[in-house]
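This report refers to the structure that appears directly beneath it.
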Amino acid sequence: MISVDPDRFLADLHRLQSFGAANPGLGSGKGVVRPAYSDPDIAARRWLAGRMEEAGLAPWFDPVGNLFGLADAERGMLLGSHSDTQPEGGWLDGALGVIAGLEIARAARAAGRQDLSVVSFQDEEGRFGVTTGSAIWSGQLPLNEADSLTSPDGESFAAARQRMADLAGDWIAPGRFAGFLEMHIEQGPWLDRAGEAVGVVEAIVGIRDMTITFKGQQNHAGTTPMAGRRDAFQALAAFNAAIAERFANVVTPQTVWTIGHVALHPGAHSVVPGRAAFSMQWRDSDTDRLARMERIIRDTADEIARARGMTVDLGRMLGLDPVAMAPGIVEACAAAAEEAVPGRWRRMPSGALHDATNAARHMPVGMLFVPSKGGISHDFAEDTDEADLVRGLQVMAAAVDRLGPGPL
């Protein structure tokens, strides 16, 4: 039986939070600023590698900075998540899954099991793409294509990963692992509102993400008549309103879409913007619906550009299809949850994207959720009661126990 140590688990979780901890004077609480390939991110990965080695695992960095703590067994289960954060992130998103995996693998070794490995994938938060590290590792994204990706501040992925070149080894083959289990905060309100302790994930939604750029005419803000302007921001505003109307008969209440990053050029008070570049992201559990939304987005952008005498560039679309969790892992997690918190858990989808989506290309995968206070994530205010963190750890350990060593 795997007997985890809650105090050791929480101590490691808090120590990881210290790498890139946000300034408490800004009201940031337990917030973390640890974007992929930043100095705090690399320092955190070096520390994690040391903790893995202390736990009896062999630390290994691959060419893009994914960190594995490898068990002795040639084929066993992989546990983990990611340790990079959003530009203003919380202390649990991703980090919880890495530290939970480390604690379970460490406790399992103490109980005589040598088959549990741990991973912290790189750039799950998408500074350069969509779950970049695990997408490359799984073969979803070729490395040469990834190297051409750029961050919002203009840095290339190729340049960023060179910061970890002194640590990089060869690739770890996905075939080494029999399955993948990821623990995560829910990042939504459902468990918290219901007073439930655990969510057993049945599927992860699909995601599509692209950059759209309207190009109009930069001009003087005081002398250019409103009727004669080719204002790129007004095209963006019209696009935003139009797609909401055109999506109405296509989407469901669970479908979401977001314009999350906008860059206006030249970005001056007295200049009509001649260029507006923005991110467009949409998510749904149905692949056909994602494709229908893409057609609406492309057609709407073209129509608005033509009507306003502009051009539009549609960037490369990134994304992943919806993924169902492996039934055997789902049932092991459900049984462990019912034993630990009878009647206080649920089966549910994940509206957020996770590394498990990429791992599912090669192996059975599963996920467990714990509540997020107020449903808040990707924000300094992200938090979960420590009692809920420990309970989730114990449920995950019990599920791993039920699955046992060997093929899943």
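One-based numbering along the sequence shown. Below, each value reflects all heavy atoms present in this structure, side chains not excepted, and no hydrogens, waters or symmetry copies.
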Minimum side-chain heavy-atom gap [X]-[Y] below 4.5 Å:
| X | Y | result |
| --- | --- | --- |
| Val4 | Ile104 | yes |
| Leu116 | Ile2 | yes |
| Ile212 | Met280 | yes |
| Val198 | Leu368 | yes |
| Met367 | Leu181 | no |
| Asp388 | Arg391 | yes |
| Arg127 | Asp153 | yes |
| Met310 | Gln217 | no |

Flag the pair Phe61 / Phe68 as yes when their ring centroid distance falls below 6.0 Å, and as no otherwise.
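Centroid separation for Phe61 and Phe68: 6.0 Å or greater.
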Hey, would you say the Tyr37 and Phe157 ring centroids sit under 6.0 Å apart?
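Ring-ring flag for Tyr37/Phe157: true, centres closer than 6.0 Å.
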Can you tell me how far apart [atom1] ([X]) and [atom2] ([Y]) are? Round to the nearest 0.5 Å.
| X | Y | atom1 | atom2 | result |
| --- | --- | --- | --- | --- |
| Trp137 | Ile172 | CH2 | CD1 | 9.5 Å |
| Trp91 | Ile185 | CH2 | CD1 | 10.0 Å |
| Arg292 | Thr287 | CZ | OG1 | 13.5 Å |
| Ser148 | Leu143 | OG | CG | 10.0 Å |
| His362 | Gln140 | NE2 | CD | 9.0 Å |
| Ile99 | Leu389 | CD1 | CG | 12.0 Å |

Classify the side-chain pair [X]/[Y] by whether it contains a donor and acceptor separated by less than 3.5 Å.
| X | Y | answer |
| --- | --- | --- |
| Arg283 | Gln281 | yes |
| Thr300 | Arg246 | yes |
| Glu182 | Ser81 | yes |
| Gln234 | Arg229 | no |
| Thr132 | Asp123 | yes |
| Glu382 | Ser377 | yes |
| Ser350 | His354 | yes |
| Asp93 | His378 | yes |
| Gln122 | Arg45 | yes |

Using a strict cut-off of less than 4.0 Å between a Lys/Arg side-chain nitrogen and an Asp/Glu carboxylate oxygen, indicate whether [X] and [Y] qualify as a salt bridge.
| X | Y | result |
| --- | --- | --- |
| Arg344 | Glu196 | no |
| Arg109 | Asp72 | yes |
| Arg402 | Glu331 | no |

Sequence neighbours excluded, every pair satisfying salt bridge (charged side-chain N to carboxylate O under 4.0 Å, His left out) that has a member inside residues 356-378:
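Checked against salt bridge (charged side-chain N to carboxylate O under 4.0 Å, His left out) - neighbours excluded - the pairs reaching residues 356-378 are Lys373-Asp383, Lys373-Asp385.
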Any donor-acceptor N/O pair, [X] side chain to [Y] backbone, under 3.5 Å:
| X | Y | answer |
| --- | --- | --- |
| Arg208 | Leu290 | no |
| Arg106 | Asp5 | no |
| Thr384 | Pro371 | yes |
| Arg161 | Gly65 | no |
| Gln218 | Arg275 | no |
| Ser156 | Ala159 | yes |
| Arg230 | Gly309 | yes |
| Ser151 | Glu155 | yes |

Heavy-atom closest pair, residues [X] and [Y]:
| X | Y | result |
| --- | --- | --- |
| Val98 | Ser83 | CG2-N, 4.3 Å |
| Gln187 | Ala352 | OE1-CB, 3.5 Å |
| Met325 | Gly366 | SD-CA, 3.7 Å |
| Pro349 | Phe369 | O-CE1, 4.1 Å |
| Ser134 | Asp355 | OG-OD1, 2.6 Å |
| Thr311 | Ala305 | C-CB, 4.1 Å |

Applying side chain to side chain contact (heavy atoms under 4.5 Å, CB included), name anything that partners Pro253, two or more places apart in sequence or on another chain.
none
Show your reasoning for whether side-chain contact (heavy atoms from CB on, under 4.5 Å) applies to Leu320 and Leu353.
CA-CA 9 Å; Leu320 295 168; Leu353 194 64; 3.8 Å; yes
Which label fits Phe247 and Trp257: parallel for a plane angle under 30°, tilted from 30 to 60°, or perpendicular past 60°?
perpendicular
Phe121 and Phe180 aromatic ring geometry - parallel, tilted or perpendicular at 30°/60° bounds
perpendicular
Among Leu141, Asp147, Ile136, which residue satisfies the side chain to side chain contact (heavy atoms under 4.5 Å, CB included) criterion with Val64?
Ile136
Out of Val400, Leu102, Val119, which residue meets the side chain to side chain contact (heavy atoms under 4.5 Å, CB included) rule with Leu79?
Val400
Who pairs with Asp284 by salt bridge (charged side-chain N to carboxylate O under 4.0 Å, His left out), at least two apart in sequence or on another chain?
Arg289
Thr213 and Asp313: CA distance, side-chain angles, deciding distance, side chain to side chain donor-acceptor pair (under 3.5 Å) verdict
CA-CA 5 Å; Thr213 304; Asp313 290 339; 5.6 Å; no
Please step through side-chain contact (heavy atoms from CB on, under 4.5 Å) for the pair Glu103 and Arg8, ending with a clear verdict.
CA-CA 8 Å; Glu103 175 57 30; Arg8 182 173 58 187; 2.8 Å; yes
Examine Arg193 relative to Trp190 and say whether NZ or CZ is less than 6.0 Å from the centre of the six-membered ring and inside a 45° cone about the ring axis.
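Yes, Arg193 sits over the ring of Trp190.
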For Val330 and Arg347, run side-chain contact (heavy atoms from CB on, under 4.5 Å): C-alpha distance rounded to whole Å, both residues' side-chain angles, the deciding distance at 0.1 Å, then the answer.
CA-CA 9 Å; Val330 170; Arg347 298 172 187 261; 3.4 Å; yes
Could you go through Asp115 and Arg75, starting from their C-alpha distance and side-chain angles, then the distance that decides it, and tell me whether this counts as side-chain contact (heavy atoms from CB on, under 4.5 Å)?
CA-CA 7 Å; Asp115 63 313; Arg75 186 165 170 80; over 6 Å; no
